[in-house]
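Only one structure is covered here, and it is reproduced in the block below.
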Amino acid sequence: MLEGIGKAASGTLVGAEGAANHITPLRSYAGAWYVFINRKAWNAQARPSARPTPHSDVAQMWMDVWRFHKQPVELIAPTACAKPKWDLPGRPGGYGIATTYGDHCFHLFESRSGDPKVFLERCGEVIR
């Protein structure tokens, strides 16, 4: 996590890799669930919105703006997934329920409607 903070301090957009399969499945982006963005860099890019649009998912606009202006971007790829559900560009089933990114981010997609046991099990693994 500290590495992501340091990279963001230099203007790099850093985040967990996702893809809005319901909008543009061939375009990955730094997902809002785990993203580092520098306020100065964000202001310099005219403060792009994090709101979804008909053409982008939540926070996807940040990635689009960074890429358009050829600013540095680092995506953290999934390293484990309990239940693959969605594709990433070139990687079918790249992420899904209970996805781990690198060695520092765990996201329980659909946690509001899913089984909390998965989250509690992961917490136990981290504590042990």
Side-chain angles (χ1 to χ4, degrees):
M1 181 168 75
L2 293 176
E3 186 178 330
I5 293 169
K7 288 180 181 183
S10 70
T12 300
L13 176 67
V14 180
E17 183 180 13
N21 286 275
H22 62 293
I23 303 172
T24 53
L26 299 177
R27 186 168 55 136
S28 61
Y29 71 102
W33 58 92
Y34 192 72
V35 65
F36 299 88
I37 186 169
N38 177 292
R39 184 183 301 252
K40 268 189 187 177
W42 178 70
N43 282 330
Q45 302 300 335
R47 302 171 62 177
S49 174
R51 292 187 178 165
T53 73
H55 309 287
S56 63
D57 208 343
V58 175
Q60 190 169 3
M61 187 65 67
W62 293 348
M63 184 78 169
D64 293 345
V65 169
W66 255 246
R67 284 179 171 162
F68 179 80
H69 292 286
K70 296 181 177 35
Q71 296 301 306
V73 171
E74 183 174 312
L75 295 177
I76 303 165
T79 52
C81 181
K83 183 180 174 188
K85 189 165 183 173
W86 302 290
D87 299 340
L88 288 169
R91 290 171 278 163
Y95 70 116
I97 308 303
T99 301
T100 301
Y101 295 86
D103 62 353
H104 42 86
C105 175
F106 174 79
H107 191 325
L108 185 58
F109 288 95
E110 299 182 356
S111 60
R112 286 183 219 119
S113 60
D115 184 356
K117 289 182 211 167
V118 175
F119 177 72
L120 296 173
E121 288 171 6
R122 180 65 176 137
C123 289
E125 290 171 11
V126 169
I127 291 169
R128 286 188 285 284

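Any value given below was found using the heavy atoms of this structure, including those in side chains, with hydrogens, waters and symmetry copies removed.
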Shortest non-hydrogen separation from M63 to A30 and the atoms involved: SD-N, 3.8 Å
Side-chain donor or acceptor of T99 paired with backbone N/O of C81 under 3.5 Å: no
H55, NE2: over 12 other non-hydrogen atoms inside 6.0 angstrom: no
Transitive ILVMFWY side-chain link F119 to F109, under 4.5 Å: yes
For E74, all residues meeting side-chain hydrogen bond (donor to acceptor under 3.5 Å, both in side chains), sequence neighbours excluded: K7
N38 side, atom CG; N43 side, atom CG - distance, nearest 0.5 Å: 9.0 Å
Whether W42 side chain and P48 backbone form a donor-acceptor pair below 3.5 Å: yes
Check against side-chain contact (heavy atoms from CB on, under 4.5 Å), Q71 and L13: CA-CA 8 Å; Q71 296 301 306; L13 176 67; over 6 Å; no
Side-chain (S49) to main-chain (R51) donor-acceptor, under 3.5 angstrom: yes
Nearest non-hydrogen partners of S28 and L75, listed with the distance: OG-CD1, 3.5 Å
H107 and W33 aromatic ring geometry - parallel, tilted or perpendicular at 30°/60° bounds: perpendicular
I5 with V73, same ILVMFWY side-chain cluster at under 4.5 Å: yes
For the student: nearest non-hydrogen atoms of A8 and V14, plus distance: N-CG2, 4.4 Å
N21 side chain to W86 backbone, donor-acceptor under 3.5 Å: no
Heavy-atom closest contact (P78 atom, R91 atom, distance): CD-NH1, 4.3 Å
Path from I76 to V58 over hydrophobic side-chain contacts below 4.5 Å: no
Criterion side-chain contact (heavy atoms from CB on, under 4.5 Å) on L108 and V118, from CA distance to verdict: CA-CA 8 Å; L108 185 58; V118 175; 3.7 Å; yes
Y34 and H104 side chains, donor-acceptor separation under 3.5 Å: yes
SB check K83 E110 (cutoff 4.0 Å): no
Reported CH2-to-CD1 distance for the pair W66 and I37, which is rounded to 0.5 angstrom: 3.5 Å
Side-chain donor-acceptor contact under 3.5 Å, D64 with Y29: no
Worked check of side-chain contact (heavy atoms from CB on, under 4.5 Å) between D57 and H22: CA-CA 9 Å; D57 208 343; H22 62 293; 3.5 Å; yes
From CA spacing to verdict: ring pair (Phe, Tyr, Trp, His ring centres under 6.0 Å), Y101, F106: CA-CA 6 Å; Y101 295 86; F106 174 79; 9.4 Å; no
Shortest non-hydrogen contact between A19 and P25, atoms and distance: CB-O, 4.1 Å
Nearest-0.5 Å distance that lies between atom CG in L88 and atom CD in E17: 4.5 Å
Candidate pair R27 and S56, rule side-chain contact (heavy atoms from CB on, under 4.5 Å), full reasoning: CA-CA 10 Å; R27 186 168 55 136; S56 63; 4.2 Å; yes
Minimum-distance pair of heavy atoms, taken over all atoms of D87 and P92: OD1-CA, 3.2 Å
